[in-house]
2 protein chains.
Amino acid sequence: MNFQLRKHKILEILAANDSADVADLASEIGTSEITIRRDLNTLANQGLLTRTHGGAIRNDFDKPKIAFFDKNDVNADAKEEIAQKASELIKAGEVIFLDCGSTVFRMCKYLKNRKIKVVTNSIPVLLELLNSEVQVNFAGGEIDALRQAAHGPIATEHLARYKAEKAFVGVDGISIANGLSANSEKEAEMTMTMANNAKETYFLCDSSKFETVKYLSFSKISSVKNIVTDKKISIEVKQKYIDVGISLF
Amino acid sequence: MNFQLRKHKILEILAANDSADVADLASEIGTSEITIRRDLNTLANQGLLTRTHGGAIRNDFDKPKIAFFDKNDVNADAKEEIAQKASELIKAGEVIFLDCGSTVFRMCKYLKNRKIKVVTNSIPVLLELLNSEVQVNFAGGEIDALRQAAHGPIATEHLARYKAEKAFVGVDGISIANGLSANSEKEAEMTMTMANNAKETYFLCDSSKFETVKYLSFSKISSVKNIVTDKKISIEVKQKYIDVGISLF
DNA sequence: TTACATTTGTTCAAAAATAATCATAAATAA
DNA sequence: TTATTTATGATTATTTTTGAACAAATGTAA
């Protein structure tokens with residue numbers, strides 16, 4: 001592990017976490033603290049980060065990040081598990097819809113070397129897959145800065161022109177009685193558009209979202225065929241969904 | 001195993017792994033470490049890789065993936081001047097087309113606090129204006145990873161749905177006799193689409209590009225009304241363009 | 001503020017990698 | 001064929017990198 005590799009890793013960690021301390025970096029990278037300190041000083045001189053006592057912070061940490069990896073996400077592990085499982089469902093040569101949710105975004109790292117086409121309205125997904133094997137198709141239209149995605153009638157219309165083998169979409173709530181629900185009208189519309197234009201739709205949904213209802217109910221449970229979830233889901237809940245004909249991955 | 005074969009193998013390994021150390025390369029290729037070192041130095045001199053202590057890394061290993069600011073651009077000053085001048089032509093409330101050229105990209109920093117709408121096919125422009133006052137509209141479609149922009153029939157069609165007050169587009173070559181020319185068909189098509197759907201089109205063109213003809217001529221000089229250029233343009237050339245009815249900024 | 005712990009800069013030594021030099025083997029030219 | 005150049009490998013000296021020790025500086029809590 002030489003300086004260049006450490007530099008790369010340090011900047012990567014800093015990009016994801018905004019800040020890092022010497023001890024963590026040393027154990028993460030597998031070198032001594034004194035070496036990390038030297039590296040940080042060098043990188044600070046190059047203007048690539050800002051040194052603090054005990055570590056460093058990202059140089060432009062007040063600028064919003066592009067990739068929205070929320071490290072503090074309580075369900076990070078579950079989301080990662082779901083993302084990985086979902087990725088394995090994709091076959092070479094397929095056309096895939098990916099929506100703008102954070103769980104869906106996590107699928108990107110498993111897709112980079114796959115020969116597939118991805119149609120998405122998510123800017124983080126676009127960026128993550130830009131320099132990869134994947135051919136990206138972005139749904140144009142007005143950009144929603146908050147969600148880092150294209151939304152609205154033009155984006156919807158754009159998506160509807162494409163047909164995909166599989167759609168991977170997040171949902172904010174799911175219940176047998178109330179079906180699918182979302183926190184915003186925009187996201188619900190996107191979800192339905194993707195679902196309507198894909199042969200198979202996989203709803204990505206961590207176990208905490210089962211039997212919850214959010215702001216807007218937008219689809220009955222009968223329209224759901226496949227759900228990808230994490231292993232923390234209880235057997236009882238799982239059985240209830242299987243009973244109504246849904247496959248759980 | 002001669003140098004050419006080793007070179008091929010080294011670059012292959014580097015392409016796959018990002019980095020490699022001397023000892024690994026030596027055992028992988030079946031030669032001594034000193035020979036590998038000599039090879040690496042030669043290849044580093046040829047600019048094919050970057051030497052590190054103990055090995056080498058791929059040349060573009062830690063190159064930022066987005067933001068295509070070419071620091072070594074010989075015309076950086078001219079481009080900056082042009083970008084600033086062009087930005088001042090925009091009024092509050094206007095809808096603007098921005099294409100995917102590097103000069104146009106430089107306009108972004110002057111636009112961030114303006115109350116305008118920008119329609120673009122450029123990913124760097126999208127990112128730069130994402131968290132700003134500007135409402136961004138991205139032309140969707142297949143993404144050209146090389147140009148970091150959306151191109152193709154869908155993107156063109158998308159753009160054509162919008163009408164803008166002003167379009168700002170780069171050109172690779174301009175001449176009285178041959179009109180506008182570009183290095184690629186894709187860019188020429190985008191340029192024309194923007195020009196056709198804007199009330200006024202400003203061609204951004206540094207002084208070195210005057211009276212040059214590139215790969216593809218795509219429009220006559222009579223369709224050009226406004227050019228934004230830098231102060232290094234000669235009075236004679238300037239006068240020739242004024243004589244055919246073009247305004248130079 | 002003081003007392004304490006943590007972090008840092010400095011110095012030094014060990015280890016690793018490199019450059020320089022020379023010798024040998026292979027390829028090429030005469 | 002022999003002479004000459006070129007590529008490779010081995011040896012040694014030098015440089016670079018790394019880690020440890022310790023004093024100085026900084027931050028934190030009472």
Side-chain angles (χ1 to χ4, degrees), chain A residues 1-65 67 69-74 76, chain B residues 1-65 71-72:
Chain A
M1 180 71 77
N2 60 37
F3 173 68
Q4 277 79 2
L5 295 174
R6 290 198 308 271
K7 168 182 170 180
H8 186 78
K9 197 129 192 181
I10 288 170
L11 293 176
E12 201 175 64
I13 290 171
L14 229 50
N17 297 18
D18 288 341
S19 69
D21 62 49
V22 172
D24 287 351
L25 288 171
S27 71
E28 186 78 23
I29 293 174
T31 184
S32 69
E33 298 192 2
I34 180 74
T35 298
I36 293 296
R37 273 193 211 102
R38 278 194 271 244
D39 288 351
L40 293 182
N41 290 345
T42 307
L43 295 174
N45 281 332
Q46 291 174 11
L48 297 170
L49 50 77
T50 303
R51 196 78 167 78
T52 63
H53 278 265
I57 56 169
R58 232 178 75 222
N59 228 349
D60 46 3
F61 80 106
D62 45 350
K63 260 191 212 167
K65 275 183 293 181
F69 248 128
D70 187 357
K71 280 275 178 178
N72 304 320
D73 192 334
V74 283
Chain B
M1 179 71 76
N2 60 31
F3 174 68
Q4 298 305 329
L5 291 173
R6 291 199 307 272
K7 168 181 171 181
H8 185 258
K9 196 130 193 179
I10 289 169
L11 293 177
E12 199 175 63
I13 290 170
L14 229 51
N17 297 15
D18 289 341
S19 70
D21 63 48
V22 172
D24 287 352
L25 287 171
S27 71
E28 185 78 24
I29 292 174
T31 183
S32 70
E33 297 194 3
I34 180 72
T35 298
I36 293 296
R37 267 189 216 107
R38 278 194 269 244
D39 288 351
L40 293 182
N41 289 345
T42 307
L43 296 173
N45 281 330
Q46 290 174 11
L48 297 171
L49 50 76
T50 302
R51 195 79 167 77
T52 65
H53 227 82
I57 56 170
R58 240 182 55 225
N59 228 350
D60 50 358
F61 178 58
D62 53 2
K63 232 190 233 173
K65 293 204 173 87
K71 290 262 183 184
N72 305 317

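Reckoned from all heavy atoms, side chains included, excluding hydrogens, waters and symmetry mates. Lettering follows sequence order; numbering is per chain, from 1. Computed from a prediction, not measured in an experiment: that's the story for all the values here.
- In this structure, the nucleotide among dT18(C), dA19(C), dT8(D) sitting nearest to the side chain of H53(B) is dT18(C).
- Under 4.0 angstrom from either OP1 or OP2 of dA20(D) there lies no side-chain N or O belonging to S32(A).
- Between the C1' atom of dG9(C) and the CZ atom of R51(A) lies a distance of 11 Å, rounded to the nearest Å.
- For the pair I34(A) CD1 and dT11(C) C1', the computed distance is 11 Å after rounding to whole Å.
- Contact detail for L14(B) and A56(B): the closest heavy-atom pair is CD1-O, 3.8 Å.
- Put simply, the side chain of R38(A) and the base of dG9(C) share no donor and acceptor less than 3.5 Å apart.
- In this structure, of dG9(D), dT8(C), dA19(C), it is dA19(C) that holds the atom nearest to the side chain of N41(B).
- The side-chain heavy atoms of F3(A) and L43(A), taken from C-beta on, include a pair separated by under 4.5 Å.
- Between E33(A) atom CD and dG9(C) atom C1' the separation is 15 Å, expressed in whole Å.
- Comparing dG9(C), dT8(D), dG9(D) by their closest approach to the side chain of R6(B) singles out dT8(D).
- I13(A) approaches A20(A) most closely through the heavy-atom pair CG2-CB, 4.2 Å.
- A side chain to side chain contact (heavy atoms under 4.5 Å, CB included) with L49(A) holds for exactly one of D39(A), L11(A), T42(A); it is L11(A).
- Between dT16(D) and N2(A), no contact under 4.0 Å exists linking OP1 or OP2 to a side-chain N or O.
- In this structure, Q4(A) places its CD atom 12 Å from C1' of dT17(D), rounding to the nearest Å.
- Contact annotation for D21(B): no contact, since no heavy-atom pair falls under 4.0 Å across all strands.
- Distances shorter than 4.0 Å separate none of the side-chain N or O atoms of T31(B) from OP1 or OP2 on dT8(D).
- For the pair L5(B) CG and dT8(D) C1', the interatomic distance rounds to 15 Å; values are reported in whole Å.
- Comparing dG19(D), dT18(C), dG9(D) against the side chain of R37(B) picks out dT18(C) as the nearest.
- If you take CD1 of I36(A) and C1' of dT6(C), they are 18 Å apart, rounded to a whole angstrom.
- With hydrogens and angles disregarded, no donor-acceptor distance shorter than 3.5 Å links the side chain of N41(B) to the backbone of A44(B).
- Among the heavy atoms of the strands, none lies under 4.0 Å from T42(B).
- Judged by closest nucleotide on DNA chain C, G54(A) is the one of G54(A) and T52(B) placed further toward the 5' end.
- Rounded to whole angstrom, the span from the CZ atom of F3(B) across to the P atom of dT5(D) amounts to 22 Å.
- With rounding to whole Å, L40(A) atom CG is found 11 Å from dG9(C) atom P.
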